[in-house]
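For reference, the structure is listed below as structure tokens.
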Amino acid sequence: MDKKYDISTRCVHSGETLDSHGAPHMPVYNSTTFGFATTAELLDVVEGRREGSLYTRYGLNPTIKSVEKKLASIEDGEAALLFSSGMAAEAALFFTHGLSGVVCIGNAYGGTLELLSDQLPQVGIPTFLLLGSEVDKLEATLAEKPGLVFFETPTNPTMEIFDIAAISKLCHAHGVLVAVDNTFASPVNQQVLALGADFAVHSATKYLGGHSDLTGGVLIGRQDLIAAVAPWRKNLGQMMAPEVAALLSRSLRTLPIRVERQNESASAVASAMAAHPKVRRVYYPGLDDFPGHDCAAAQMSGFGGMLTIEIEGSAQDATRVADALQLFIIAPSLGGPESLVTQPMTTTHHGLSPEQRSQRGINDSMIRLSIGMEAAADLIADLKQALGQI
Ligand code: PLP
């Protein structure tokens with residue numbers, strides 16, 4: 001849909017066509033296969049002369065196509081591919097565009113780090129994991145001729161901020177593609193393609209889905225780059241189910257209002273936590289004194305619903321705080337209506353050794369908060385009562 005429309009408008013209308021019954025949104029086509037009147041018509045679709053539905057695992061399904069169009073529009077990309085999970089999207093991206101090597105900058109979701117450090121090298125894909133403090137080593141690493149540079153910003157769970165435009169410029173000068181995992185920010189807060197990245201990657205399980213009731217992933221970018229990923233998705237069998245795609249589409253229509261609310265509440269919680277004596281440090285890019293705040297303010301239009309607090313105390317104290325919370329649910333994941341709390345060492349970064357965590361600035365006194373749709377005042381009161389127990 002035309003870029004002249006605001007993202008809220010595109011979230012509602014992009015990818016939708018009134019069907020023959022006048023349905024205002026694309027219904028669920030749960031068919032696994034689609035029929036043709038003649039073999040010639042089937043061959044037109046198989047051989048790409050005409051767009052059409054054919055087989056759901058290939059992504060040639062009206063519900064899947066409609067949601068992909070909506071997602072491409074809201075990330076301002078030419079094309080999008082849906083996947084059964086965020087990890088599926090990352091894996092297909094790495095296999096397609098990262099065969100000669102993948103560089104990851106800074107902290108990332110623990111599963112991403114495991115894929116890069118354990119599985120990809122087993123199939124001969126070289127990977128280079130740079131700490132957030134080692135961005136200055138990026139240029140030297142690009143001399144190794146990787147295919148792809150991948151990073152999150154803000155990162156999980158320390159909220160490091162990386163300059164998307166500057167990194168993209170440097171990588172492009174070396175002929176290397178750039179993918180940004182935009183899961184934490186969402187397209188409402190950060191338009192990574194407009195800033196220069198080649199791909200936006202999402203765990204749609206989080207803000208895009210937004211209700212803790214679907215698992216999915218998406219990859220968005222230039223038509224030719226995305227088209228190259230499609231055969232991998234098809235033959236690795238990574239397709240999202242149409243029922244899930246329809247649920248995702250339903251959620252995308254309310255994405256901006258959900259994210260705006262979560263931005264506001266997270267900002268209020270971050271300020272309250274920054275002033276609390278039992279909190280040593282708050283990691284939230286919206287705080288003026290947070291390292292990376294200026295860069296975040298330049299490239300984000302909102303600071304997101306995620307924050308991490310470091311308790312003034314031990315790992316056990318952090319566990320006691322998490323256990324004492326009444327509104328926050330102890331669970332991994334993020335982006336849903338219910339606020340969640342997790343200690344990175346117990347979930348998202350459990351797969352890393354204590355040394356690896358400490359090298360990445362992830363300590364055991366940290367608790368990560370995903371701010372939901374509850375009233376900010378209730379969440380702050382809950383955090384204060386829990387902190388009062390240590
Ligand atoms: N990227 C980020 C930032 C995540 O937090 C996660 C999961 O927590 C993923 C990717 C992987 O997504 P999924 O769980 O949908 O495979």
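When a ligand or atom number is given, it counts from 1 through the structure's own listing order. FYI, the numbering just counts along the sequence from 1.
- Judged purely by atom type and a 3.5 angstrom limit, R233 has no side-chain atom pairing as donor or acceptor with the backbone of Q238.
- Between M87 and ligand 1, a contact under 3.5 Å exists for at least one N or O pair.
- Ligand 1 places these atoms under 4.0 Å from at least one heavy atom of E152: 3 (C).
- Among all non-hydrogen protein atoms, the one lying nearest atom 5 (O) of ligand 1 is N156 ND2, 3.5 Å.
- Between the E78 side chain and the Q223 main chain, a donor and an acceptor come within less than 3.5 Å of each other.
- Nearest protein neighbour of atom 9 (C) of ligand 1, counting heavy atoms only, is Y109 CD2, 3.5 Å.
- Applying the 4.0 Å criterion to heavy atoms of E90 picks out, from ligand 1, the atoms 1 (N), 10 (C).
- Between F95 and V123 the shortest side-chain heavy-atom distance falls below 4.5 Å.
- For the pair E144 and K137, the salt-bridge criterion is not met [side-chain N within less than 4.0 Å of a carboxylate O].
- Residue H202 places no heavy atom under 4.0 Å from ligand 1.
- A donor-acceptor pair under 3.5 Å is absent between the side-chain atoms of R281 and the main chain of A274, judged by distance alone.
- Residues R320 and Q389 are not in side-chain contact: their nearest non-hydrogen atoms beyond the backbone lie 4.5 Å or more apart.
- Within the structure, the closest approach of G216 to ligand 1 falls below 4.0 Å when heavy atoms are considered.
- Distances from atom 1 (N) of ligand 1 to the heavy atoms of T215, D181, L115 put D181 nearest.
- In summary, the atoms of ligand 1 found under 4.0 Å from a heavy atom of G86, numbered by their order in the structure, are 12 (O), 13 (P), 15 (O), 16 (O).
- Side chains of D323 and T319 form a contact here, defined as non-hydrogen atoms less than 4.5 Å apart.
- Residue contact check: K206 has heavy atoms under 4.0 Å from atoms 4 (C), 5 (O), 6 (C), 7 (C), 8 (O), 12 (O), 14 (O) of ligand 1.
- Summary of contacts: the protein heavy atom closest to atom 15 (O) of ligand 1 is T205 OG1, 2.6 Å.
- Applying the side chain to side chain contact (heavy atoms under 4.5 Å, CB included) test between H97 and each of L177, V176, D198, V102 identifies L177 as the sole match.
- For ligand 1, the polar-atom distance check finds an N/O of S203 within less than 3.5 Å of one of the ligand's N/O atoms.
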